[in-house]
J.: 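My questions all concern the structure below.
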Amino acid sequence: MSSKYTDAENNKEHGGTWDGNMPIGTPPPPPLPKEVTSNYKGFKYFNITPTQYVIYNTNYNDFESDTLYNAVLNILKIDRLDHSVTNFNLYNFTLRKEELYRSNYCDYDVITEDRNDIKVIAGYNCFKVTLKNERQPDLSIDMYVTTEISLDYHPIINCETVLENYYPLYFKEYKNKYPDDYFTEYTFVKAQ
């Protein structure tokens with residue numbers, strides 16, 4: 001978040017009330033701090049083998065630095081045949097079976113496909129696709145996708161309707177009014 005976003009939110013006319021259903025008499029929400037910075041970088045190491053997908057989730061660190069601290073949080077193994085998930089948590093040394101997570105990004109519809117807006121990401125030719133969600137019209141997703149990869153799993157936007165047509169290698173979800181001030185972004189890089 002940037003100061004532009006927090007200033008706009010604090011100056012927004014919301015009648016001193018919370019959004020949603022709050023009991024009568026609930027005090028108004030406090031203003032956001034003047035400058036809120038949430039620049040963090042996390043890494044997901046995504047390994048594809050003939051029988052499974054393996055994801056190593058790491059701690060977040062300062063966005064300006066490319067160094068890691070506390071390294072791996074957990075390791076997910078997804079069976080490519082039956083999509084069963086095994087989650088190994090390194091902090092408490094536990095192993096558990098889980099359901100395959102299907103993201104809420106499946107609620108989004110493709111609204112534009114721009115095959116002239118091209119980027120090369122991780123060695124693949126990608127084009128831009130924009131998604132919108134009717135239930136949350138203030139949010140959008142821009143993706144750079146390739147048709148050169150055909151997999152039935154994605155570590156961020158694990159949605160069958162998207163993966164049937166594309167494989168996203170760049171993903172940015174943002175507020176339409178603040179596309180560069182309030183967003184979440186993921187980019188694939190090829191391991192060295």
Side-chain angles (χ1 to χ4, degrees), residues 38 40-60 63 68 71-90 95-176 178-180 182-192:
S38 300
Y40 293 100
K41 184 186 291 185
F43 296 89
K44 288 181 181 287
Y45 295 94
F46 183 47
N47 187 21
I48 302 166
T49 72
T51 59
Q52 62 196 14
Y53 304 114
V54 180
I55 302 166
Y56 299 86
N57 290 307
T58 65
N59 258 348
Y60 293 97
F63 191 81
L68 292 174
V72 177
L73 292 171
N74 69 322
I75 303 168
L76 294 177
K77 181 183 79 169
I78 298 117
D79 185 285
R80 289 185 70 172
L81 291 176
D82 66 8
H83 291 129
S84 61
V85 179
T86 305
N87 184 344
F88 178 64
N89 185 307
L90 274 69
L95 186 68
R96 69 174 190 264
K97 298 286 186 182
E98 298 179 349
E99 295 290 319
L100 182 63
Y101 173 73
R102 294 288 179 190
S103 69
N104 61 355
Y105 299 124
C106 296
D107 296 340
Y108 284 74
D109 295 316
V110 174
I111 60 152
T112 59
E113 186 180 282
D114 185 354
R115 291 183 180 257
N116 294 319
D117 190 345
I118 297 170
K119 289 185 178 184
V120 175
I121 301 172
Y124 292 94
N125 293 319
C126 299
F127 59 92
K128 187 175 182 180
V129 171
T130 301
L131 307 177
K132 297 276 187 189
N133 181 341
E134 286 184 20
R135 293 187 306 151
Q136 293 180 309
D138 61 325
L139 294 176
S140 293
I141 295 175
D142 287 342
M143 300 186 301
Y144 281 88
V145 301
T146 185
T147 56
E148 297 173 43
I149 299 174
S150 179
L151 295 173
D152 61 353
Y153 178 80
H154 190 280
I156 306 302
I157 185 163
N158 192 29
C159 180
E160 290 173 8
T161 56
V162 170
L163 297 178
E164 287 171 355
N165 300 303
Y166 322 108
Y167 202 81
L169 295 180
Y170 171 84
F171 172 93
K172 179 180 179 182
E173 181 181 35
Y174 58 91
K175 286 190 174 266
N176 295 329
Y178 308 100
D180 296 320
Y182 190 92
F183 63 90
T184 301
E185 169 175 59
Y186 300 93
T187 301
F188 274 63
V189 293
K190 196 173 245 180
Q192 300 295 331

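All of these numbers come straight from a predicted model, not from anything done at the bench. Just so you know, residue 1 is the first one in the sequence shown, and it goes up from there.
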J.: Does the plane of the ring in Phe188 sit parallel, tilted or perpendicular to the ring in Tyr167? Use 30° and 60° as the thresholds.
T.: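 Judged by the thresholds at 30° and 60°, the geometry between Phe188 and Tyr167 is perpendicular.
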J.: Starting at CZ of Arg96, measure out to CZ of Phe88 and round the result to the nearest 0.5 Å.
T.: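 If we round to the nearest 0.5 Å, Arg96:CZ and Phe88:CZ are 12.0 Å apart.
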J.: Is there a side-chain contact between Tyr174 and Thr184, using heavy atoms and a 4.5 Å cut-off?
T.: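 Of all side-chain heavy-atom pairs linking Thr184 with Tyr174, none is under 4.5 Å.
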J.: How far does CD of Glu148 sit from CG of Asn125, to the nearest 0.5 angstrom?
T.: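 Reported value, rounded in 0.5 Å steps: 5.0 Å.
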J.: Tell me, with the steps shown, if Asp114 and Asn116 meet side-chain contact (heavy atoms from CB on, under 4.5 Å).
T.: CA-CA 5 Å; Asp114 185 354; Asn116 294 319; 3.4 Å; yes
J.: Quiz question: by atom type and distance under 3.5 Å, do the side chains of Asp82 and Ser84 form a donor-acceptor pair?
T.: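 There is such a pair (donor and acceptor under 3.5 Å, judged by atom type) between the side chains of Asp82 and Ser84.
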J.: Under the criterion side-chain hydrogen bond (donor to acceptor under 3.5 Å, both in side chains), which of Thr187, Thr130, Asp180 is the partner of Lys172?
T.: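 Exactly one pass, corresponding to Asp180.
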J.: Does NZ or CZ of Lys175 come closer than 6.0 Å to the centre of the six-membered ring of Tyr178, within 45° of the ring's axis?
T.: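 Pair Lys175/Tyr178 does not count as cation-pi.
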J.: For the atom pair OG1 (Thr146) and CD1 (Ile118), what is the distance rounded to the nearest 0.5 Å?
T.: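 Here the rounded value is 10.5 Å.
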J.: Using modelled atom types and a 3.5 Å cut-off, is there a donor and acceptor pairing between side-chain atoms of Asp138 and backbone atoms of Asn176?
T.: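 Not a single qualifying donor-acceptor pair exists.
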J.: With no hydrogens and no angle check, is any side-chain donor or acceptor of His83 less than 3.5 Å from a backbone partner on Ile78?
T.: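 No: the side chain of His83 does not pair with the backbone of Ile78.
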J.: With Lys77 as the cation and Tyr53 as the aromatic partner, state whether NZ or CZ is under 6.0 Å from the six-membered ring centre and within 45° of the axis.
T.: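 No, a cation-pi geometry is absent between Lys77 and Tyr53.
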J.: Could you pull out all residues at least two apart from Glu113 that satisfy side-chain contact (heavy atoms from CB on, under 4.5 Å)?
T.: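 With sequence neighbours excluded, Glu113 shows a side-chain contact (heavy atoms from CB on, under 4.5 Å) to Arg115, Phe127, Val129, Tyr166, given in chain and number order.
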J.: Let me confirm one number: the CG-OG distance from Asn165 to Ser150, rounded to the nearest 0.5 Å.
T.: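 Atom-to-atom, Asn165:CG and Ser150:OG are 10.5 Å apart.
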J.: Taking it one step at a time, do Glu98 and Leu76 satisfy side-chain contact (heavy atoms from CB on, under 4.5 Å)?
T.: CA-CA 10 Å; Glu98 298 179 349; Leu76 294 177; 4.1 Å; yes
J.: Taking only residues two or more places apart in sequence, or in another chain, which ones meet Thr49 in a side-chain contact (heavy atoms from CB on, under 4.5 Å)?
T.: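 So Thr49 forms a side-chain contact (heavy atoms from CB on, under 4.5 Å) with Asn47, Thr51, Gln52.
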J.: Would you say the side chains of Asn74 and Asn89 form a donor-acceptor pair under 3.5 Å?
T.: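 There is no such pair between these side chains.
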J.: Can you tell if the side chain of Asn133 reaches within under 4.5 Å of the side chain of Leu139, non-hydrogen atoms only?
T.: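 Sidechains of Leu139 and Asn133: no contact.
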J.: Hey, does Cys126 have a side-chain heavy atom less than 4.5 Å from the side chain of Val145?
T.: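 No, their side chains stay 4.5 Å or more apart.
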J.: A quick test of your reading: do over 12 heavy atoms of other residues, nucleotides or ligands sit less than 6.0 Å from CZ of Phe46?
T.: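 For Phe46, atom CZ is crowded (more than 12 foreign heavy atoms under 6.0 Å).
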J.: Tell me the closest heavy-atom pair linking Met143 and Pro168, and the distance in Å.
T.: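 That closest heavy-atom pairing would be SD-CG, 3.7 Å.
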J.: For the residue pair Arg80 and Asp152, what are the closest heavy atoms and their distance?
T.: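 Minimum heavy-atom separation between Arg80 and Asp152: O-OD2, 4.2 Å.
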J.: What distance do Tyr45 atom OH and Ile55 atom CD1 have between them, rounded to the nearest 0.5 Å?
T.: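 Spacing of OH (Tyr45) from CD1 (Ile55) equals 14.0 Å.
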J.: Does the ring center of Tyr186 lie less than 6.0 Å from the ring center of Phe171?
T.: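 Tyr186 vs Phe171: aromatic centres under 6.0 Å.
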J.: Would Tyr170 and Glu185 count as having a side-chain donor-acceptor pair, cut-off 3.5 Å?
T.: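 Short answer, yes.
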J.: Find out whether Lys97 and Val85 are in side-chain contact, i.e. whether some heavy atom of one side chain is under 4.5 Å from a heavy atom of the other.
T.: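 Result no, sub-4.5 Å side-chain heavy-atom pair not found.
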J.: Using every non-hydrogen atom in the two residues, find where Leu151 and Leu163 come nearest and quote the distance to one decimal.
T.: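 Nearest pair, atom of Leu151 first, then Leu163: O-CB, 3.9 Å.
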J.: Give the intermediate values and the outcome of side-chain contact (heavy atoms from CB on, under 4.5 Å) for residues Thr86 and Leu95.
T.: CA-CA 7 Å; Thr86 305; Leu95 186 68; 3.2 Å; yes
J.: What's the separation between atom CD1 in Ile111 and atom OG in Ser140, rounded to the nearest 0.5 Å?
T.: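 That separation rounds to 6.0 Å.
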